[in-house]
Amino acid sequence: MQGRKIIHIDMDCFYAAVEMRERPELRGQPIAVGGGSRRGVVTTCNYEARKFGIHSAMPGFQARERCPELVFLPVRFDLYRAESQRIRRMLLDVTPTIEPLSLDEAYLDVSDSDRYAWDIARDLRNRIRDETGLTASAGIAANKMLAKIASDWKKPDGQFAITPDRVDEFMRNLPVRKLWGIGPKTASRLHEIGIQTCGELQKLTESELRGHFGRWGGEMFYLCRGEDDRQVQPHRIRKSMSIENTFSENMTSLTACRAGLAPMVGELLGDLTTKASDRRIGGAFVKLKFADFAQTTCQRTTDTPDLDVFLELLAAAFRRSQRPVRLIGVGVRFRTDAEPDDRILEQPMFAFD
Ligand code: TTP
Ligand code: MG
């Protein structure tokens, strides 16, 4: 394979797989992790449960309706985090150039290796299975976007490569929804203008795409051709920090929401001082999820978020809908070095050079 060699590794039904390993008597039964409490949501489920149409983020009551014999297990983050660290150490034995995306997912750049990326991925998956009893799937390609798409292709416990000579053919039929960064909103805007596949998207010029979607349209022009030059970033810097809380009773007034929000802000500000004191804050946001599961987010730029800032955002978000609220999220966005005012700060240094 020419150019870069990127592997995307994604564990199969990760939390559920860990739970099944811990409790072998559950193997073969449909299980969900999370979602067992009255208002909880399923974090993931095993493949037996997926046959019933159950999936991540589905409310537990709905999952139970679809599959009455479903076994609900409590979420045990500490266990999954420890497992994730073990797996991460195995990835680091392959290359230092790894970029974890979540507990169960990472990119590896193996361009410098003399070996085939295919063989590296296979050996790594075998090692993970032998040492943890868990299965992983892998995607292999010349860039991050294609590798990630490929790792879904032979799931579970499989691997798939998109070689450079097959990229055009592969992209032509790929639904736009599968493209990196295209969520349900952009996908439905594309469907409105008659575009379902990347092949159809390729017919638009770069300036037409910019006309529809701005700067992001310009990026789509390349992504829909299978081109993506983002590097695997070994030290991915977190972009935000947030806390969410689903309340046991819906809150119908702004006053009730304010009472729910205040302790969460205290917790968030505490986390910021203990875990992110080295970061500069660029903005704050409040997210509300309503009884009908619709959600809205209000945000503003600020470098000193305090309770008043969050209360103001809460009021704005609440006014948008006025429906009963089931979940509140509060968070901050960190500044990155790429942001314009940082560059201004850096200029004097160049002047002294
Ligand atoms: P995923 O890799 O998206 O899902 P998965 O590993 O469970 O299943 P798959 O075989 O399709 O890869 O997410 C990894 C873990 O992250 C998952 O085990 C649970 C957690 N998670 C949530 O808590 N909420 C979510 O909405 C999703 C998608 C995942
Ligand atoms: Mg996974």
Side-chain angles (χ1 to χ4, degrees), residues 7-23 26-27 29-37 39-63 67 70-88 90-91 98-108 121 124-125 128-129 132-140 144-145 147-160 177-178 180-184 236 238 240 242-246 287 289 293 295 297 326-327 329 331:
I7 300 174
H8 178 256
I9 288 275
D10 189 321
M11 302 299 295
D12 303 319
C13 60
F14 185 50
Y15 299 179
V18 175
E19 294 295 346
M20 285 193 287
R21 184 195 65 193
E22 299 296 299
R23 310 178 207 203
L26 291 177
R27 274 196 194 282
Q29 296 186 48
I31 68 166
V33 180
S37 66
R39 298 160 61 87
V41 169
V42 172
T43 66
T44 192
C45 59
N46 64 358
Y47 281 73
E48 282 80 359
R50 291 183 198 195
K51 289 182 201 146
F52 295 87
I54 295 162
H55 55 77
S56 295
M58 180 181 268
F61 73 88
Q62 247 172 42
C67 173
L70 185 65
V71 179
F72 287 93
L73 300 172
V75 185
R76 295 193 285 176
F77 280 117
D78 288 345
L79 190 57
Y80 317 141
R81 211 172 289 126
E83 214 55 53
S84 174
Q85 278 166 10
R86 262 171 87 188
I87 295 163
R88 211 162 281 177
M90 294 181 217
L91 307 188
I98 70 164
E99 178 182 340
L101 292 177
S102 65
L103 286 186
D104 92 319
E105 227 183 306
Y107 291 111
L108 290 76
L124 182 57
R125 290 176 42 241
I128 293 173
R129 195 193 47 233
T132 69
L134 305 169
T135 62
S137 296
I140 298 132
K144 284 163 78 167
M145 181 188 69
K148 186 164 160 85
I149 295 172
S151 70
D152 250 2
W153 226 251
K154 288 286 157 72
K155 231 176 204 310
D157 199 15
Q159 64 183 56
F160 185 66
R177 182 73 176 84
K178 295 272 180 187
W180 176 75
I182 295 202
R236 196 162 169 272
R238 67 184 298 164
S240 64
S242 62
I243 294 179
E244 290 191 354
N245 200 350
T246 302
K287 167 175 142 183
K289 195 182 266 185
F293 284 88
Q295 63 180 50
T297 301
R326 75 189 309 269
L327 172 147

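In each ligand, atom 1 is the first atom listed, and ligand 1 is the first ligand listed. Numbers here are sequence positions counted from 1.
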Worksheet entry | SB check Glu244 Lys289 (cutoff 4.0 Å) | no
Worksheet item: Please state the angle at the Mg ion (ligand 2) spanned by OD1 of Asp10 and OD2 of Asp104: what is it, rounded to 10 degrees?
Response: 90°
Practice prompt. Only counting residues at least two apart or in another chain, list the ones meeting side chain to side chain contact (heavy atoms under 4.5 Å, CB included) with Ala147.
Written response: Ile6, His8, Ala141
Distances for all N or O pairs of ligand 1 and the protein under 3.5 Å?
from: ligand 1; atom 1: 2 (O); to: Asp10; atom 2: OD1; distance (Å): 3.2
from: ligand 1; atom 1: 2 (O); to: Asp104; atom 2: OD1; distance (Å): 3.4
from: ligand 1; atom 1: 2 (O); to: Asp104; atom 2: OD2; distance (Å): 3.0
from: ligand 1; atom 1: 6 (O); to: Met11; atom 2: O; distance (Å): 3.1
from: ligand 1; atom 1: 6 (O); to: Cys13; atom 2: N; distance (Å): 3.4
from: ligand 1; atom 1: 6 (O); to: Phe14; atom 2: N; distance (Å): 3.0
from: ligand 1; atom 1: 6 (O); to: Asp104; atom 2: OD2; distance (Å): 2.9
from: ligand 1; atom 1: 7 (O); to: Phe14; atom 2: N; distance (Å): 3.3
from: ligand 1; atom 1: 7 (O); to: Thr44; atom 2: OG1; distance (Å): 2.5
from: ligand 1; atom 1: 8 (O); to: Cys13; atom 2: N; distance (Å): 3.2
from: ligand 1; atom 1: 8 (O); to: Arg50; atom 2: NH2; distance (Å): 2.8
from: ligand 1; atom 1: 10 (O); to: Cys13; atom 2: N; distance (Å): 2.7
from: ligand 1; atom 1: 10 (O); to: Tyr47; atom 2: OH; distance (Å): 2.6
from: ligand 1; atom 1: 10 (O); to: Lys155; atom 2: NZ; distance (Å): 3.3
from: ligand 1; atom 1: 11 (O); to: Arg50; atom 2: NH1; distance (Å): 2.9
from: ligand 1; atom 1: 12 (O); to: Asp10; atom 2: OD1; distance (Å): 3.1
from: ligand 1; atom 1: 12 (O); to: Met11; atom 2: O; distance (Å): 3.2
from: ligand 1; atom 1: 12 (O); to: Lys155; atom 2: NZ; distance (Å): 3.0
from: ligand 1; atom 1: 18 (O); to: Phe14; atom 2: N; distance (Å): 3.4
from: ligand 1; atom 1: 18 (O); to: Tyr15; atom 2: N; distance (Å): 3.1

Worksheet item: Should Leu134 and Phe14 count as side-chain neighbours, where that means a heavy-atom distance under 4.5 Å?
Response: yes
Worksheet item: Between the Mg ion (ligand 2) and Thr44, is there an N, O or S atom separated by less than 2.8 Å?
Response: no
Worksheet entry | Pair Asp157 + Arg125: basic N to acidic O under 4.0 Å | yes
Worksheet entry | pair Met20-Asn46: side-chain heavy atoms closer than 4.5 Å | yes
Discussion item. Can you confirm whether more than 12 heavy atoms, excluding those of Lys155, are under 6.0 Å from its NZ atom?
Written reply: yes
Worksheet entry | Member of Val42, Val33, Thr44 meeting the side-chain contact (heavy atoms from CB on, under 4.5 Å) criterion with Val75 | Val33
